[in-house]
Amino acid sequence: MKIGFFDSGLGGLTILKAVAKELSQYDYAFYGDTKNLPYGDKTESEIYELTKKGVKHLFDEGSALVIIACNTASAETARRLQQEFLLTEYPDRKILGIIVPTVEMMSFDKKTNVALLATKRTVESKKYDLELQLKSNGNVVLHSIPAPELVPLIELGEIEAATEAAISRIEKEASESTVIVLGCTHYSQLKQGLRLHFGDTKSILSQDEIIPNKLSEYLTNHPEITSRLTNTGERSIHLTEHRPDYDLVMGQFLGGVYVGE
Ligand code: DGL
């Protein structure tokens, strides 16, 4: 069986790419809901139904475990999918979100100013606020910056323009922050430009550098899942809508096979 990755578009591929590099022995499948991107402005129930459809597709295609590699969908659906869908329909499989593991990687020994760059929906869900307060014992001041305008730019490969826009929002709205959480999988592609610009003054947390270790830990602790994973080298990509300019991004992903709907 495979490890499945779900995202609203291609952003989650950055996470899958990092995981497949670190844990190259496993088989992987990716589902990108490019037809319905962006999720960041949708309602909670729309996001729930769309995510459920994608996760179901990944399970039916043979994933033992699905990572919701999208903060917006993780914030709005992970817990509910685990409680209402998984238990009744796929009790022998697992669904993991990416917000809790991201917060678990952070340490707070002193009061810290954190800026969260995320979609409007992720910010409004307050999921990061909740998890950060729990983890830091109130030692965090969080400035949330809803920046949905960056997602379409990144999907188009306009990384420089998206980086400039992100810098300008951070400088205007959270200049005093010392930690920046890139709380949207698309934004991992901005990490280099942001690090170059902010240098040592802000540390940039990018989920492609967090999830591989956390998943590795999870697999070590869950032999009932790990023992079912196969090692044939398969990498498949399923997009709900294909555009010719996506080929370049997919081509960069380990020779993944495109299967359109
Ligand atoms: N990649 C998604 C996330 O991590 C957001 C993109 C969208 O708005 O669909 O939140």
Side-chain angles (χ1 to χ4, degrees), residues 4-19 30-55 58 66-79 81 95-103 105 115-131 144-159 162-163 165-166 169 180-191 194 204-212 214-215 237-241 243 246 249-250 253:
F5 280 73
F6 170 89
D7 186 30
S8 58
L10 301 181
L13 273 178
T14 57
I15 310 287
L16 171 50
K17 200 171 165 184
V19 166
F30 180 83
Y31 179 103
D33 194 6
T34 42
K35 186 173 166 188
N36 295 298
L37 178 97
Y39 279 19
D41 305 322
K42 291 192 168 32
T43 64
E44 186 177 342
S45 68
E46 282 170 327
I47 296 169
Y48 182 76
E49 290 309 323
L50 292 170
T51 306
K52 185 164 86 174
K53 187 174 171 215
V55 171
L58 286 163
V66 170
I67 319 286
I68 303 182
C70 171
N71 290 266
T72 312
S74 288
E76 297 290 25
T77 73
R79 188 137 311 154
L81 282 174
I95 296 175
L96 298 175
I98 55 172
I99 294 179
V100 172
T102 300
V103 171
M105 285 298 279
L116 168 71
L117 205 62
T119 66
K120 183 167 167 275
R121 230 19 276 150
T122 300
V123 168
E124 284 174 1
S125 76
K126 300 242 179 263
K127 181 83 180 159
Y128 271 97
D129 308 49
L130 202 80
E131 298 296 338
S144 296
I145 306 177
E149 70 278 8
L150 305 180
V151 173
L153 283 176
I154 295 167
E155 285 279 313
L156 287 170
E158 295 187 20
I159 306 302
T163 306
R169 297 285 310 271
I180 313 277
V181 179
L182 301 181
C184 169
T185 50
H186 283 72
Y187 304 168
S188 290
Q189 294 185 57
L190 311 183
K191 69 180 177 192
L194 294 177
I204 313 290
L205 296 193
S206 183
Q207 290 169 320
D208 61 326
E209 296 168 347
I210 294 173
I211 303 303
K214 295 301 286 181
L215 180 59
I237 298 177
H238 177 92
L239 301 181
T240 52
E241 186 172 87
R243 287 202 328 235
Y246 290 158
V249 185
M250 289 191 292
F253 174 72

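Note that ligands are numbered from 1 as they come in the structure, with each ligand's atoms numbered from 1 the same way.
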Short N-O contact, Lys53 and Asp33, less than 4.0 angstrom: no
List below, pair by pair, the N or O atoms of ligand 1 and of the protein that are less than 3.5 Å apart, including the distance to 0.1 Å; reply 'none' if no pair qualifies.
{"from": "ligand 1", "atom 1": "1 (N)", "to": "Asp7", "atom 2": "OD1", "distance (Å)": "3.3"}
{"from": "ligand 1", "atom 1": "1 (N)", "to": "Thr185", "atom 2": "OG1", "distance (Å)": "2.9"}
{"from": "ligand 1", "atom 1": "1 (N)", "to": "His186", "atom 2": "ND1", "distance (Å)": "2.7"}
{"from": "ligand 1", "atom 1": "4 (O)", "to": "Asn71", "atom 2": "N", "distance (Å)": "2.8"}
{"from": "ligand 1", "atom 1": "4 (O)", "to": "Asn71", "atom 2": "ND2", "distance (Å)": "3.2"}
{"from": "ligand 1", "atom 1": "4 (O)", "to": "Thr185", "atom 2": "N", "distance (Å)": "2.8"}
{"from": "ligand 1", "atom 1": "4 (O)", "to": "Thr185", "atom 2": "OG1", "distance (Å)": "3.3"}
{"from": "ligand 1", "atom 1": "8 (O)", "to": "Tyr39", "atom 2": "N", "distance (Å)": "3.3"}
{"from": "ligand 1", "atom 1": "8 (O)", "to": "Gly40", "atom 2": "N", "distance (Å)": "2.9"}
{"from": "ligand 1", "atom 1": "9 (O)", "to": "Ser8", "atom 2": "OG", "distance (Å)": "2.6"}
{"from": "ligand 1", "atom 1": "9 (O)", "to": "Tyr39", "atom 2": "N", "distance (Å)": "2.6"}
{"from": "ligand 1", "atom 1": "10 (O)", "to": "Asn71", "atom 2": "N", "distance (Å)": "3.3"}
{"from": "ligand 1", "atom 1": "10 (O)", "to": "Thr72", "atom 2": "N", "distance (Å)": "3.0"}
{"from": "ligand 1", "atom 1": "10 (O)", "to": "Thr72", "atom 2": "OG1", "distance (Å)": "2.6"}

Asn71-Gln207 side chain donor-acceptor pair, cut-off 3.5 Å: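 Result is yes, a qualifying pair exists.
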Distance-only side-chain donor-acceptor flag, Ser206 / Glu209, under 3.5 Å: no
Leu10 backbone acceptor or donor facing Glu155 side chain under 3.5 Å: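 Yes: the side chain of Glu155 pairs with the backbone of Leu10.
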Sequence-distant partners of Thr14, side chain to side chain donor-acceptor pair (under 3.5 Å), two or more places apart: none
Within-4.5 Å side-chain heavy-atom neighbours: Leu81 and Val66: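 Side-chain contact under 4.5 Å: no.
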